Amino acid sequence: MTLKFHNTPTQEVEEFVSLTEKKALVYTCGPTVYDYPHIGNWVAYIHWDTLVRILMANNYDVTRVMNVTDVGHLTSDADEGEDKLEKGARREGKTAWEIAKFYTDDFLSGMNKLGMIEPQHIAKATDYIPQQLDLVRTLMQRGYTYQITDGIYYDTSKFPTYADFARLKPEAQKAGARVEINPEKKNHSDFALWKFTPAGEKRDMEWETPADLLEKKADNKPVMGFPGWHLECSAISMALLGNTIDIHTGGIDHIPVHHTNEIAQSEAATGVRFSNYWIHCNHLKVDSTKISKSLGNGYTLKDLEDKGFSAMDYRMFVLQGHYSNEGNFTFDALTSAKNRLHNWRNIAALRHQIHDTLQNDRDKVASDKTVLLYAAPQAVIEAISNDLGTPEALRIIDDAFARILRARLDNIHRHAFLELLETIDATLGLQLLDSTPDISDEAKSIILERNRAREQKDWLKSDALRDRLLEQGILIRDTDKDSIWEYKS
RNA sequence: GGCGCGUUGGCGGAGCGGUUACGCAGAGGUCUGCAAAACCUUUCAGAUGAGUUCGACUCUCAUACGUGCCUCCA
């Protein structure tokens, strides 16, 4: 099967060809762990989880790295702002290290709730300080750096293709820029590789700047410092995956600055292409407007849970939209997604109610319905392989489920049905199988008893038994042949 | 000023060059011991104007409106 992705540099949907056959090296720009992630942040990770799943469904051996930014991410890219971690630490009266640990753990637990496949490597920026310093050293030796008062900077004018990736037009951009320009910088787009701790300050997180990286030293005191944000992704990616990787993912906001800078510093250092494919997801709006702290619409998973929505409900909501489109979150839309997932679960639960022999299955192969059901898993994989077309995949699943719902239980091909459910869980991570356990033997015997009562037209008894099942969270609906149970919503 | 994304039926929101999304809500009906479900029907679907085409909601261009990025952010 052909895998295709929209590749940012070419702005086209391209066929995916990996560096090594059937192996995929993937790098995901991870969270800055200074606060709870909001639903907009999670959109990206849900899409990248789908990316990993569809690679695996196409038999790729995936090695994925996600960094955790636990140092150096400034609140402003004018390279003057505070470090987010240090700021968060002051806010909560803790050290930056404690803040990083707390929010990293919270992030990982969120990934788990959302049913994500954990990357093979979760790399903390602070664990890769030597590699980052090595990268600065290489860039220095190649003449790409210069030192000013507050740090060591990358000279973007030395990298001729700097503007290409994001199709930047530096002069035009300047006109509308809201950034204060650091007068010591040679070019507007130059960025800090390594920042010096300001004189007289002591940071929770700081490292000694190696002497050979400093242009000149006034005295013999160590110069403390910390990495600029862009440096870590390059250093970690190259350390764990090599100089060139297959796919680098991120949000669209990363295109003009973060990824542009990653490419500049990585390719200047190695002389080879940093990543063959760049996949970027669009942003999520809430109630048609941007997510921002001041509007109070940056809901967290916890906020959704408090309102009665699970992480999986939210995952369904995200999968309903395409990653390249701007999404719009509303609680009505989330309710729709929740209902859809609930309906799907009830359909998944039908597998407990089909009692087949192999012989039955063989007989059913002949019918058109079962043929269509057999085609569904492949169709789902194809849809997602085509530039992560999850909305199309959901449509295919709805189609297949509608056929199942209309069919009588003994007309459903159990094997094909199970295969479809397994494919859905493998590619979309909705955990339909895990979330739909069989009912208890007691409940089953109540259903049998009720069926006997119905045969005897003892409606009083049958309705009483139905109420008893309802108390256990089990709804019964009678069709002309079967009595089917469902989970109460 | 530059770079993007969007505009679909009562609401939210998809796919597709020629046929149903789906969810929520309303109305009528079929079926049913009842309930539920399912199914059928229904309320101007495709911002506007051109173009390509035998044929466009789907491709191209323009216009209008909305919205995001160009400080940190997914």
Side-chain angles (χ1 to χ4, degrees), chain A residues 11 28-32 34-35 37-48 69 73-84 87 166-180 189 229 249-258 280-285 288-293 298 316-317 319-344 346 383 389-399 401-402 405-407 454 457-460 462-463 466-467 470 475-480 483-484 486 488:
Chain A
Q11 294 191 330
T28 296
C29 281
T32 303
Y34 70 107
D35 203 349
H38 58 63
I39 52 174
N41 301 126
W42 284 120
V43 168
Y45 300 105
I46 291 170
H47 288 309
W48 308 145
T69 301
H73 201 160
L74 305 175
T75 52
S76 151
D77 203 46
D79 293 311
E80 291 161 8
E82 302 174 86
D83 182 307
K84 287 185 169 180
K87 189 182 174 189
R167 292 158 206 265
L168 299 172
K169 302 194 174 163
E171 288 315 308
Q173 268 190 304
K174 233 178 191 169
R178 286 170 282 160
V179 198
E180 280 183 43
S189 52
W229 175 43
T249 68
I252 52 167
D253 50 290
H254 283 159
I255 298 171
V257 180
H258 182 49
H280 291 97
C281 67
N282 211 320
H283 280 181
L284 179 75
K285 295 190 291 186
S288 301
T289 188
K290 70 175 290 189
I291 295 174
S292 88
K293 282 231 166 89
M316 179 63 111
F317 165 81
L319 293 175
Q320 284 177 330
H322 193 259
Y323 75 90
S324 66
N325 283 348
E326 198 170 66
N328 186 28
F329 176 89
T330 61
F331 278 100
D332 281 351
L334 183 59
T335 303
S336 296
K338 177 192 171 78
N339 290 335
R340 189 183 208 172
L341 181 59
H342 183 251
N343 293 342
W344 281 21
N346 276 328
T390 54
E392 169 68 359
L394 299 199
R395 194 192 62 75
I396 291 163
I397 294 164
D398 274 324
D399 255 17
F401 280 1
L405 207 52
R406 268 181 239 130
R454 290 183 72 225
K457 299 196 190 297
D458 185 349
W459 309 125
L460 226 61
S462 84
D463 287 357
R466 185 165 63 195
D467 287 345
L470 202 56
L475 278 173
I476 292 287
R477 60 182 176 90
D478 299 316
T479 67
D480 55 350
S483 288
I484 290 169
E486 296 185 341
K488 200 176 134 200

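Order of the sequence lines sets the chain letters (A, B, ...), proteins ahead of strands, with each chain counted from 1. The figures here come from the full heavy-atom set of this structure, side chains too, leaving out hydrogens, waters and symmetry mates. Bear in mind the structure is a predicted one, so any value in this text is a computation, not a measurement.
Remark: rA62(B) base-pairs with rU48(B); criterion is Watson-Crick or G-U wobble with both hydrogen-bond distances under 3.5 Å. In this structure rC31(B) sits in no base pair that meets the Watson-Crick or G-U test at under 3.5 Å. Nucleotide rC3(B) has rG68(B) as its partner under the Watson-Crick or G-U criteria, with both atom distances under 3.5 Å. Base-pair partner of rU19(B): not found among the strands shown (Watson-Crick or G-U wobble, both distances under 3.5 Å). rA14(B) makes up no base pair with any nucleotide shown, lacking Watson-Crick or G-U wobble contacts both under 3.5 Å. rA25(B) is unpaired under the Watson-Crick or G-U wobble criterion, no partner having all donor-acceptor distances under 3.5 Å.
Separating the P atom of rG18(B) from that of rU30(B) is a span of 36 Å, rounded to the nearest Å. Atom C1' of rA45(B) sits at a distance of 28 Å from the matching atom of rA37(B), rounded to the whole Å. The gap from the P atom of rU42(B) to that of rG51(B) amounts to 33 Å, rounded to the nearest Å. The gap from the P atom of rC44(B) to that of rC11(B) amounts to 11 Å, rounded to the nearest Å. Nucleotides rA14(B) and rA50(B) are separated by 27 Å at their C1' atoms, to the nearest Å. Going from the P atom of rU41(B) to that of rU53(B) covers 36 Å, rounded to whole Å. Taking atom P in both rU8(B) and rG46(B), one finds a spacing of 11 Å when rounded to whole Å. Taking atom P in both rG23(B) and rG6(B), the straight-line distance is 25 Å, to the nearest Å.
For Ala383(A) against Ala393(A), the heavy-atom pair with the smallest separation is CB-N, 3.8 Å.
Put simply, CG on Asp253(A) is 12 Å from C1' on rG4(B), counting in whole angstrom units. Between Ile255(A) atom CD1 and rA74(B) atom C1' there is a gap of 11 Å when expressed in whole angstrom units. If you take CE of Met316(A) and C1' of rG12(B), they are 15 Å apart, rounded to a whole angstrom. Here the C1' atom of nucleotide rG23(B) and the CG atom of Asn343(A) are 8 Å apart, to the nearest Å. Protein atom CD of Gln320(A) is 10 Å distant from nucleotide atom P of rG23(B), rounded to whole Å. For the pair Ile252(A) CD1 and rC5(B) P, the interatomic distance rounds to 9 Å; values are reported in whole Å. Atom P of nucleotide rA74(B) and atom CH2 of Trp42(A) are separated by 11 Å, given to the nearest angstrom. Whole-Å rounding puts the His283(A) NE2 to rG6(B) P distance at 15 Å.
The side chain of Ala44(A) lies closest to rA74(B) when the candidates are rG12(B), rC72(B), rA74(B). Side chain of Glu392(A), nearest nucleotide from rG15(B), rA74(B), rA21(B): rG15(B). For Pro256(A), the side-chain atoms get nearest to rC69(B) when compared with the rest of rC69(B), rC5(B), rC72(B). The nucleotide whose nearest atom lies closest to any side-chain atom of Lys285(A) is, among rG12(B), rC5(B), rU67(B), rU67(B). Set against rA74(B), rC22(B), rG13(B), the side chain of His254(A) has rA74(B) as its closest nucleotide. The side chain of Arg477(A) has rA35(B) as its nearest neighbour among rA74(B), rC22(B), rA35(B).
Within the 4.0 angstrom heavy-atom criterion, base atoms lie near Gly40(A). Base contact: His38(A) has a heavy atom under 4.0 Å from a base atom. At a threshold of 4.0 angstrom between heavy atoms, the contacts of Leu284(A) include nucleobase atoms, whether or not backbone atoms are also involved.
Ring orientation note: the planes of His258(A) and Trp229(A) are close to parallel, at an angle under 30° on the 30°/60° scale.
No side-chain heavy atom of Leu284(A) sits under 4.5 Å from any side-chain heavy atom of Trp42(A). Between Leu470(A) and Leu475(A) the shortest side-chain heavy-atom distance falls below 4.5 Å.
For the pair Asn339(A) and rC24(B), the criterion of a side-chain N or O lying under 4.0 Å from OP1 or OP2 is met. Between Asn282(A) and rG68(B) there is no side-chain polar atom (N or O) within less than 4.0 angstrom of OP1 or OP2.
Nearest-nucleotide positions on RNA chain B place Asn325(A) closer to the 5' end than the other of Leu475(A) and Asn325(A). Comparing Ser324(A) and Pro31(A), the nucleotide of RNA chain B nearest to each residue sits closer to the 5' end for Ser324(A).
Checking Asp478(A) against Ser483(A) by side-chain atom types alone, a donor-acceptor pair falls below 3.5 Å.
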For Leu394(A) and Trp344(A), what are the C-alpha separation, side-chain angles and deciding distance, and is it a side chain to side chain contact (heavy atoms under 4.5 Å, CB included)?
CA-CA 11 Å; Leu394(A) 299 199; Trp344(A) 281 21; 3.6 Å; yes

Begin with the C-alpha distance, continue with both residues' side-chain angles, and end with the deciding distance and a verdict on side chain to side chain contact (heavy atoms under 4.5 Å, CB included) for Thr249(A) and His47(A).
CA-CA 10 Å; Thr249(A) 68; His47(A) 288 309; over 6 Å; no

Start with the C-alpha distance between Asp398(A) and Arg340(A), add both sets of side-chain angles, then the distance that settles side chain to side chain contact (heavy atoms under 4.5 Å, CB included), and finish with yes or no.
CA-CA 9 Å; Asp398(A) 274 324; Arg340(A) 189 183 208 172; 2.3 Å; yes

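Residue Asp463(A) holds its CG atom at 12.0 Å from CD1 of Ile476(A), rounded to the nearest 0.5 Å.
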Polar pairs (N or O, both sides) under 3.5 Å between protein and nucleotides 31-34 of chain B?
from, atom 1, to, atom 2, distance (Å)
rG33(B), O6, Ser462(A), OG, 3.4
rG33(B), N1, Asp463(A), OD1, 3.1
rG33(B), N2, Asp463(A), OD2, 2.8
rC34(B), O2, Arg466(A), NH2, 2.6
rC34(B), N3, Arg466(A), NH1, 2.9
rC34(B), N4, Asp478(A), OD2, 2.9

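Under the 3.5 Å distance criterion, the side-chain polar atoms of Asn41(A) are matched with a main-chain donor or acceptor of His38(A).
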